[in-house]
Amino acid sequence: MASYQDFHLSPETMRAIEQMGFTQPTEIQEKAIPVMLEGKEIIAKAPTGTGKTCAFGIPIVEKVDQNDPAVQAVILCPTRELSLQIVEELRQLAAFRPMLKVAAVYGGQQIDRQINALKRGAQIVVATPGRMLDHLHRRTINLSKVRIAVLDEADEMLDMGFYKDVCKILDRLPKGRQMVMFSATISREVMDIGWLYQRDNVELTVEPVKESEPKITQYTLESVGRQKLADLCYILRYYDYHRTIIFCNTKYATQSLAGQLKDRGFNADCLHGDMRQGDRNRIMAAFREGKIEHLVATDVAARGIDVLDVDAVFNYEIPLENEYYTHRIGRTGRAKKEGVSYVFYGPDDIRRLNNIIKYTRSHVIYLEFDEEGHLVEKAKQEL
């Protein structure tokens, strides 16, 4: 089994990796890091939560010249939340390189702050496509010295309608730059970008087999009305969960549930798409740091959340799309740790839940309360 020492990394990077608590590379890191260090272009298919940020982040930190303040690496991703996650991890990787600066460029934040950060110098820029184009039009960013370009979550980014924007940005990069793509699926658009902008790319695949897919025990519990809140509180207290994400479908539901949890003594807050970006950043930072234990969120607001050690995920409301279920439960069971997810459903949700289970090929365990009020597995495992 490979180790980080096998990649012949610099002492600064090895110290940073050790400080981050990583002892062994994940499968995608083992496959991608040496190929990127050789300067080859990559199109990598890997499931969410397999360590993709370090897979491209380690080679970038190794290859960037911290003594040159020019932008040398650009990472494009679909959402501002994900961009902030990537920036945080890259800064940890660059902890022992004091001159290496990382900047985030995304919509929803005052552009003047970003312009000032770019003027001060940043060798690595993590950006959403729309805001990157805005800076290019304003001529507040210079990409003439970019040596590495990364498309992270390429399928989601291109599916969100950023195809033309991504092409415009890639067209502005110097010839001969190294371009790599990481994606959960290889869509037609991802293949087209690879064909247009990569040369002799190396294809890497990490299959969602038992070793690499998150180990998540999935539970369902019939619970409706006021009982649903009581059941949620019971589970949180009984299992002593201290870091959970609880999903609702609307901003009103997240606000209401977070308030009800606070009233019952839980350390909770909510996150939804209509919040100001500053408030969202503050809440996400508090959740990462453990200052908020229970985060009630909508699917849109939760995009890009990549927090390790999430004890459990709750589908307080049935997701509106099948894919949302996979994205929701994928927030737990990361970094080779085991996770737990729950789905609360009512009689009207049975057909919808069965459709999700069939679509995602999930193995679920059905729960019920026994006569003594204890949560147990149902004798008959079906709805």
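The first residue of the sequence shown is numbered 1, and numbering continues consecutively from there.
Of all the heavy atoms in Lys101 and Pro98, the pair that sits closest is NZ-O, 3.2 Å. Heavy-atom minimum distance, Tyr316 versus Lys228: O-NZ, 2.9 Å. The shortest heavy-atom contact between Thr128 and Gly107 is OG1-N, 3.7 Å. Here the closest heavy-atom approach between residue Ala103 and residue Leu118 is recorded as CB-CD2, 4.5 Å. For the residue pair Glu41 and Gln198, the shortest heavy atom distance occurs at OE1-CA, 3.0 Å. Residues Leu93 and Gly57 share a closest heavy-atom pair of CD1-C, 3.7 Å.
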Distance-only donor-acceptor pairs under 3.5 Å for side chains of residues 16-23, two or more places apart:
none

Identify all side-chain donor-acceptor contacts of residues 255-264 below 3.5 Å with residues at least two apart in sequence or on another chain.
| residue | atom | partner | partner atom | Å |
| --- | --- | --- | --- | --- |
| Gln255 | NE2 | His272 | NE2 | 3.2 |
| Arg264 | NH1 | Gln260 | O | 3.1 |

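By the 4.5 Å heavy-atom criterion applied to side chains, Tyr219 and Val364 are not counted as neighbours. In this structure, the side chains of Val74 and Ile148 stay at 4.5 Å or more apart for every pair of heavy atoms. Taking the side chain as every heavy atom from C-beta outward, Ile58 and Thr13 approach each other to under 4.5 Å. Side-chain contact between Ile124 and Leu100 is present, with at least one heavy-atom pair separated by less than 4.5 Å. For the pair Val376 and Glu368, the minimum side-chain heavy-atom distance is below 4.5 Å. Side chains of Cys233 and Phe266 form a contact here, defined as non-hydrogen atoms less than 4.5 Å apart. In this structure the side chain of Ile245 never reaches within 4.5 angstrom of the side chain of Phe314, judged on heavy atoms. Looking only at side-chain heavy atoms (C-beta outward), Met179 and Met181 come within less than 4.5 Å of each other.
In terms of modelled atom types and a separation under 3.5 Å, the side chain of Glu293 and the main chain of Phe287 share no donor-acceptor contact. At distances below 3.5 Å, at least one donor-acceptor pair connects side-chain atoms of Arg91 with backbone N or O atoms of Val102. Arg131 places a side-chain N or O within 3.5 Å of a backbone atom of Gln109 that can act as its donor or acceptor partner. With hydrogens and angles ignored, the 3.5 Å screen pairs no side-chain donor or acceptor of Thr185 with any backbone N or O of Ser187. One N or O on the side chain of His137 and one on the backbone of Leu133 form a donor-acceptor pair closer than 3.5 Å. Remark: the backbone N or O of Leu82 is paired with a side-chain donor or acceptor of Thr79 at under 3.5 angstrom. Counting only distance, with no hydrogens or angles, the side chain of Thr332 and the backbone of Ile329 share no donor-acceptor pair below 3.5 Å. Although no hydrogens or angles enter the test, the distance criterion places no donor-acceptor pair under 3.5 Å between the side chain of Gln123 and the main chain of Ala73. In terms of modelled atom types and a separation under 3.5 Å, the side chain of Arg172 and the main chain of Cys167 share no donor-acceptor contact. Without hydrogens or angle criteria, Glu156 side chain to Pro78 main chain gives no donor-acceptor distance under 3.5 Å.
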Might you work through the side chain to side chain contact (heavy atoms under 4.5 Å, CB included) test for Val71 and Lys145, ending with a clear yes or no?
CA-CA 6 Å; Val71 179; Lys145 288 192 175 182; over 6 Å; no
Before giving the answer on side chain to side chain contact (heavy atoms under 4.5 Å, CB included), spell out for Phe344 and Leu232 the whole-Å C-alpha distance, their side-chain angles and the decisive distance to 0.1 Å.
CA-CA 9 Å; Phe344 292 165; Leu232 173 63; 3.8 Å; yes
Apply the test side chain to side chain contact (heavy atoms under 4.5 Å, CB included) to residues Arg188 and Met191: give CA-CA distance (whole Å), side-chain angles for both, the deciding distance (0.1 Å), then the verdict.
CA-CA 5 Å; Arg188 178 74 255 174; Met191 292 176 64; 4.1 Å; yes
Might you work through the salt bridge (Lys or Arg N to Asp or Glu O under 4.0 Å) test for Lys52 and Glu153, ending with a clear yes or no?
CA-CA 9 Å; Lys52 288 183 282 185; Glu153 301 291 356; 3.5 Å; yes
Under the criterion salt bridge (Lys or Arg N to Asp or Glu O under 4.0 Å), I'd like the reasoning laid out for Lys40 against Asp200: C-alpha separation, chi angles, the key distance, then a yes or no.
CA-CA 8 Å; Lys40 295 179 180 178; Asp200 301 321; over 6 Å; no
Verdict with reasoning, Asp240 to His242, per side-chain hydrogen bond (donor to acceptor under 3.5 Å, both in side chains)
CA-CA 6 Å; Asp240 197 26; His242 288 286; 2.9 Å; yes
Stepwise side chain to side chain contact (heavy atoms under 4.5 Å, CB included) check, Ile350 with Tyr345:
CA-CA 7 Å; Ile350 290 177; Tyr345 69 93; 4.2 Å; yes
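Here CD of Gln24 is found 8.0 Å from OG of Ser3. Values are rounded to the nearest 0.5 Å. We find the CD1-CG distance between Ile357 and Leu353 to be 4.0 Å, quoted to the nearest 0.5 Å. Rounding to the nearest 0.5 angstrom, the gap separating the CG atom in Leu295 from the CG atom in Asn267 is 10.5 Å. Atom CG of residue Leu236 and atom CG of residue Asp231 lie 11.0 Å apart, to the nearest 0.5 angstrom. Within the model, atoms CD of Gln178 and CG of Leu37 stand 8.5 Å from one another, a figure rounded to the nearest 0.5 Å. Once rounded to the nearest 0.5 Å, the distance linking CD of Glu38 with CD1 of Ile33 reads 12.5 Å.
Other residues, nucleotides and ligands place more than 12 heavy atoms under 6.0 Å from the CZ atom of Arg352.
Connection of Leu229 to Leu221 is established within a shared hydrophobic cluster, with ILVMFWY side chains joined at heavy-atom distances below 4.5 Å, either directly or through further cluster members. Clustering ILVMFWY residues whenever any of their side-chain heavy atoms sit less than 4.5 angstrom apart, transitively, puts Phe96 in a cluster other than the one holding Met14.
Qualifying ring-ring contact (aromatic ring centres under 6.0 Å, His included) partners for Tyr252, counting only residues two or more places apart in sequence or in other chains: none. Shown here are the ring-ring contact (aromatic ring centres under 6.0 Å, His included) partners of Tyr241, two or more places apart in sequence or in another chain: Tyr239.
Using modelled atom types and a 3.5 Å distance limit, the side chains of Gln29 and Tyr4 yield a donor-acceptor pair. There is no side-chain donor-acceptor pair under 3.5 Å between Thr53 and Gln85. Using a 3.5 Å distance cut-off with no hydrogens or angles, the side chains of Gln114 and His135 do pair a donor with an acceptor. In this model, a donor atom of one side chain and an acceptor atom of the other lie less than 3.5 Å apart for Gln218 and Tyr325. For the residue pair Arg97 and Gln66, no side-chain donor N or O sits within less than 3.5 Å of a side-chain acceptor on the partner.
Using a 4.5 Å cut-off between side-chain heavy atoms of Ile, Leu, Val, Met, Phe, Trp and Tyr, Tyr106 falls into a hydrophobic cluster with Leu84.
For the side chain to side chain contact (heavy atoms under 4.5 Å, CB included) with Val126, the qualifying choice from Val87, Val150, Asp152, Leu76 is Val87, the only one to do so.
Among residues at least two apart or in separate chains, ring pair (Phe, Tyr, Trp, His ring centres under 6.0 Å) pairs with a member in residues 50-81 are Phe56-Phe182.
Between Tyr238 and Tyr234, the angle of the ring planes stays under 30°, which puts this pair in the parallel group of the 30/60° scheme.
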